[in-house]
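Step one of this worksheet: look at the structure below.
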Amino acid sequence: MRTLIALFVVLLLWTAGLFVFADRVIDSTPALEPAEPADAIVVLTGASDERLKQGMSLLERRKGARMFISGVNPEVKRSELRNVTEGSKRLYECCVDLGYEAENTVGNAKEIADWARGHDFYTLIVVTSDYHMPRSLLELKADMPGTKLIAYPVTTPDLVARGWWKSRKGQRIIVLEYCKYLAILGRDAILSVSRKFGDKGSTPAPKAGSETEAAPDAPAAAGKTS
């Protein structure tokens with residue numbers, strides 16, 4: 001009986017969280033115009049070309065000095081992508097960079113972080129789909145803890161967010177994204193606890209000239225993680 005009650009409570013909390021997540025997605029669009037220009041604009045590619053169009057529109061409105069498009073299909077040529085953005089050719093050629101390495105959201109975050117650090121950008125406008133934004137921000141914050149991220153969610157054309165529960169497609173998108181979002185929250189919580197206890201239990205580095213430091217059999221890579 002206690003097990004059934006516990007399962008019911010967990011299911012109730014999960015369902016409540018699902019509707020809170022869905023409301024967050026619904027209320028996120030239309031996106032507010034960024035009050036101040038950022039260092040740059042980053043776009044996470046996906047099924048909708050609207051992300052690219054909105055990112056280019058922000059660049060044309062001088063909301064960032066450059067734009068980075070992460071997760072571009074290697075088979076797509078630069079000129080072909082420019083046509084999709086429907087933006088200025090001159091601006092596209094001078095101020096848009098493409099990333100071809102990312103294959104998922106985790107890869108997007110790493111690719112964007114590497115690009116931003118390479119340009120010394122610390123304020124980014126993040127453009128992706130409304131339902132994808134919460135998880136994207138978590139991944140980006142994990143890779144760029146000191147960077148200010150400004151969300152600019154884009155409405156998903158084939159998702160009626162306010163009536164997501166009325167269609168199988170809407171249910172699949174919201175529920176699946178919510179589960180992925182919870183998985184990232186759980187991962188980050190575990191890593192945070194692990195780092196906390198790892199720091200407490202770590203062995204201090206040996207002082208210079210000590211026997212431990214001079215021991216010939218001590219492994220050279222001790223303490224490194226794989």
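Positions are given from 1 along the sequence. This structure is a prediction, so every number in the text was calculated from the model and none was measured.
Under the 4.5 Å side-chain heavy-atom criterion for Ile, Leu, Val, Met, Phe, Trp and Tyr, V72 and V126 are members of distinct hydrophobic clusters. Cluster annotation: I184 and L140 are assigned to distinct hydrophobic clusters (Ile/Leu/Val/Met/Phe/Trp/Tyr, side-chain heavy-atom contacts under 4.5 Å, transitive). Linking Ile, Leu, Val, Met, Phe, Trp and Tyr whenever their side-chain heavy atoms come within less than 4.5 Å puts V127 and M56 in one cluster. Connection of V42 to V84 is not established within any shared hydrophobic cluster, with ILVMFWY side chains joined at heavy-atom distances below 4.5 Å, either directly or through further cluster members. Linking ILVMFWY residues whenever their side-chain heavy atoms come closer than 4.5 Å, directly or via other members, places Y181 and W165 in the same cluster.
Contact record, E60 with S88: OE2-N, 2.9 Å, taken as the closest heavy-atom pair. Of all heavy-atom pairs between A142 and R187, the closest is CB-NH2, 4.3 Å. Minimum interatomic distance between Y100 and V76 (heavy atoms only, all atoms of both residues): OH-O, 3.7 Å. Residues A31 and P153 approach most closely at CB-O, 3.5 Å, considering heavy atoms. Contact between C95 and A65 at its shortest, heavy atoms only, is CB-O, 3.8 Å. Heavy atoms only, all atoms of each residue included: V43 and G55 are closest at CG2-CA, 4.0 Å.
Among residues two or more places apart in sequence or in another chain, the side-chain hydrogen bond (donor to acceptor under 3.5 Å, both in side chains) test is passed with K169 by D158. Remark: T128 pairs with R51, H132 by the side-chain hydrogen bond (donor to acceptor under 3.5 Å, both in side chains) rule, at least two apart or across chains.
Using a 4.5 Å heavy-atom threshold, the side chains of L91 and V96 count as separate. Side-chain contact between L149 and M144: present, with at least one pair of heavy atoms (C-beta onward) separated by less than 4.5 Å. Within the 4.5 Å cutoff, the side chain of L32 has no heavy atoms near those of the Y152 side chain. At a threshold of 4.5 Å between non-hydrogen side-chain atoms, the residues V160 and K166 do not count as touching. Between F68 and F121, every side-chain heavy-atom pair lies at or beyond the 4.5 Å cut-off. A 4.5 Å side-chain heavy-atom check between T15 and F19 finds at least one atom pair inside the cut-off. Contact annotation: the side chain of T147 never approaches that of T123 to less than 4.5 Å [non-hydrogen atoms, C-beta and beyond]. A 4.5 Å side-chain heavy-atom check between W14 and L182 finds at least one atom pair inside the cut-off.
Electrostatic pairing of E33 and R61 counts as a salt bridge here, judged by a charged N lying under 4.0 Å from a carboxylate O. Using a cutoff of 4.0 Å between basic side-chain nitrogens and carboxylate oxygens, R117 and D114 are scored as salt-bridged.
Distance CG/L98 to CE/M67: 8.5 Å, rounded to 0.5 Å. Atom CZ of residue R195 and atom CD1 of residue I190 lie 11.5 Å apart, to the nearest 0.5 angstrom. Separating the CD1 atom in I125 from the CD1 atom in I41 is a distance of 5.0 Å, to the nearest 0.5 Å. Residue S136 holds its OG atom at 7.0 Å from CD of E177, rounded to the nearest 0.5 Å. With values rounded to the nearest 0.5 angstrom, I26 atom CD1 is found 9.0 Å from L159 atom CG.
Between the side chain of E111 and the backbone N or O of G71 there is at least one donor-acceptor pair closer than 3.5 Å. In this structure, T45 contributes its side chain and S70 its backbone to a donor-acceptor pair below 3.5 Å. Between the E50 side chain and the T155 main chain, no donor and acceptor come within less than 3.5 Å of each other.
In the displayed structure, K63 atom NZ is contacted under 6.0 Å by more than 12 heavy atoms of other residues, nucleotides or ligands. With a 6.0 Å radius and a threshold of 12 heavy atoms from other residues, nucleotides or ligands, E75 has its CD atom at or below the threshold. More than 12 heavy-atom neighbours from other residues, nucleotides or ligands sit within 6.0 angstrom of CD on Q171. Environment of CG in L185: crowded, with over 12 heavy atoms of neighbouring residues, nucleotides or ligands closer than 6.0 Å.
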Legend entry - Stepwise salt bridge (Lys or Arg N to Asp or Glu O under 4.0 Å) test for E139 and K180: CA-CA 11 Å; E139 294 288 11; K180 290 179 179 179; over 6 Å; no
Inset, instruction - Output, in order, the C-alpha distance, side-chain angles, deciding distance and verdict of side chain to side chain contact (heavy atoms under 4.5 Å, CB included) for L4 and F8. - result: CA-CA 6 Å; L4 289 175; F8 176 76; over 6 Å; no
Legend entry - Verdict with supporting geometry, L18 and V175, side chain to side chain contact (heavy atoms under 4.5 Å, CB included): CA-CA 7 Å; L18 172 63; V175 172; 4.2 Å; yes
Inset, instruction - List the steps and the verdict of side chain to side chain contact (heavy atoms under 4.5 Å, CB included) for D23 and F21. - result: CA-CA 5 Å; D23 284 344; F21 178 83; over 6 Å; no
Inset, instruction - Go through the steps for L7 and L11 under the test side chain to side chain contact (heavy atoms under 4.5 Å, CB included), then give the verdict. - result: CA-CA 6 Å; L7 289 174; L11 179 61; over 6 Å; no
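Counting only N and O atoms by type, the side chains of D130 and T156 include a donor and acceptor under 3.5 Å apart.
Taking the ring centroids of W164 and Y131, they lie at or beyond the 6.0 Å cut-off.
For residues 83-97, the salt bridge (charged side-chain N to carboxylate O under 4.0 Å, His left out) pairs, not counting sequence neighbours, are K53-E86, R66-D97, R78-E93.
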